Amino acid sequence: MSERKVLIFDTTLRDGEKVPGLILSVNEKVRIAKQLVKLGVDVLEVGFPGASEGEFEAAKEIVNNVSGPKLVCLARPTSKKDFEAAWKILDNSENKGLHTFVPASDAYREHFLKKSREEVLKVGEQAIGYAKKYTEEVEFSLVDTWRADPGHVVNLVQMAVDAGATSINFADTVGYATPREVSSLIERTREEVKGIGEVTLSIHCHNDLGLAVANSLAAIEKGVTQVHCTVNGIGERAGNTALEEIVMILETRKDIYGCSTSINLEEIYPTCRSVSQITGLLIPPGKPIVGPNAFVYETIVPQVADVKEKPPYEVIDPDKLGIKKEPELLKKDATKEELGHKLEELGLSLNPEELDRAYEAFKELAERKETIFDADIESLVVEEILKVPARYKLLYLSVSAGSISVPNATVQMEVDGQVIQDAAFGRGPVDATFKTIQKIVRRKPKLTRYLVNAITAGTDALGEVVVGLQEDDLVVMGRGIDSDVVMASAKAFVNGLNKMELYREAPPISEFTEEEVFAPIL
Ligand code: MN
């Protein structure tokens, strides 16, 4: 049986980024994009440049920094400006395409587009026309496919094939489909649409019912050859199809699916880890393929077993994914080159200037900490090198707390280049610290989330704090790392404030007209 190639369309940076509170800086996005290229994705959706000035700049910067995969931008069907903006970014790259969409279900159509089914067919045709002015490579998505009338889906796909789309993507936008429904609709479309053999068929699933991966597989079984996915399955609500899961199912069960992908398996683990580090979204312990417990067994191994032999219960070889069971730890007196190698291994390649800064931070950590784990190094780099441009800087923190005294904090910060110091009491050292920072910045965001996590074992471990901050409608996550948990909390709070600034600085390119509003998009 010859193997069928399944294309991996990565949308971590477009759809995946829609995790509530997650805002990635340009630098962070570029970092993730570079790692996705190493991973070997076939298509890389770099963003939705029409959405805002910030999105435009980020997508441009990504495109300027990566090559290899087909680079794709999303454009709203009714907005010529979106296509223009997307093409401004993509024009000079070798391998590129445009991605547009229309609502398929009546619910979406009526709510977001306020047009009849016939009119939507026209909108789609016109959108593909806009895209084809720039490129032959046009992906056309049907939004909310599985709550749509299947007859209308067939009509939409026929229109898209006739209009010249080269790829048709069925999106289960709301995570509603079941595998059997996916199979039957794709089967029906393939039977009824003329010329469908000429286009790439694609699937985009959400995980609201935990079926994103299963639905994507059902589509592959029916001949779909491209899967949209995100690293660690991150995305809005319950997230998207997890890249690492779909790839490893196809790899592990070749006997069933007969499919291959172009993914470099040994980059899976470094990619998942670095995306988790950069986004601050922790990988749950039991997460398939890359969770911290994914290859940890409680089984009592009989003494007679040869320990060198591959255990009979392991269907996936973790070595193949780039998971090192006993990673070689970096010595405290490691050279800059050794640190560089280690970072490569961890999916965090740095440029020389960044490596210099990382090395300085590493030496400082080595003085304070007994054993330096890989996770310590990852955190350090994310903290020291990838920080968002800062309006607020934390310069100094001193807290006193205990069972008798009233906890109080003294904080010194730089705000717009000016040094300000203040102090406040609180119910605990963290509360006192947050209150002081709020006094200094004269802002009072609501604390919606506060998480503390020890990155590695031991009492000198680095503590990671994630805070959720809310001001009006804006919710962001801030992250801070330090061997002192109160300091990590302060850093997280300040990081959150800076992220809010980043978000506010990026107004939309143009106000969305009523016609153009599609949220959630696909
Ligand atoms: Mn989506």
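Basis for what follows: all heavy atoms, side chains included, without hydrogens, waters or symmetry-related copies. Worth saying up front: this structure is predicted, and the values here are computed from it rather than measured. We count ligands from 1, going down the list as the structure has it; atoms in each ligand are counted the same way. We're numbering straight along the sequence, starting at 1.
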*Would you please classify the geometry between the His99 ring and the Phe9 ring as parallel, tilted or perpendicular, with 30° and 60° separating the classes?*
perpendicular
*Less than 2.8 Å from the Mn ion (ligand 1) is the window; count the protein N, O or S atoms in it.*
4
_With Ile168, the side-chain contact (heavy atoms from CB on, under 4.5 Å) member among Val161, Thr200, Ile196_ = Val161
*Kindly give the heavy-atom pair with the smallest separation between Gly239 and His206, and that separation in Å.*
O-ND1, 3.2 Å
*Could you please spell out the steps behind the side-chain hydrogen bond (donor to acceptor under 3.5 Å, both in side chains) verdict for Arg479 and Gln277?*
CA-CA 10 Å; Arg479 190 164 172 270; Gln277 286 290 329; 3.3 Å; yes
*Can Phe83 and Thr100 be said to form a side-chain contact (heavy atoms from CB on, under 4.5 Å), step by step?*
CA-CA 9 Å; Phe83 291 92; Thr100 189; 3.7 Å; yes
*Look at the side chain of Ser183 and the backbone N and O of Pro179, then say whether any donor-acceptor pair between them is shorter than 3.5 Å.*
yes
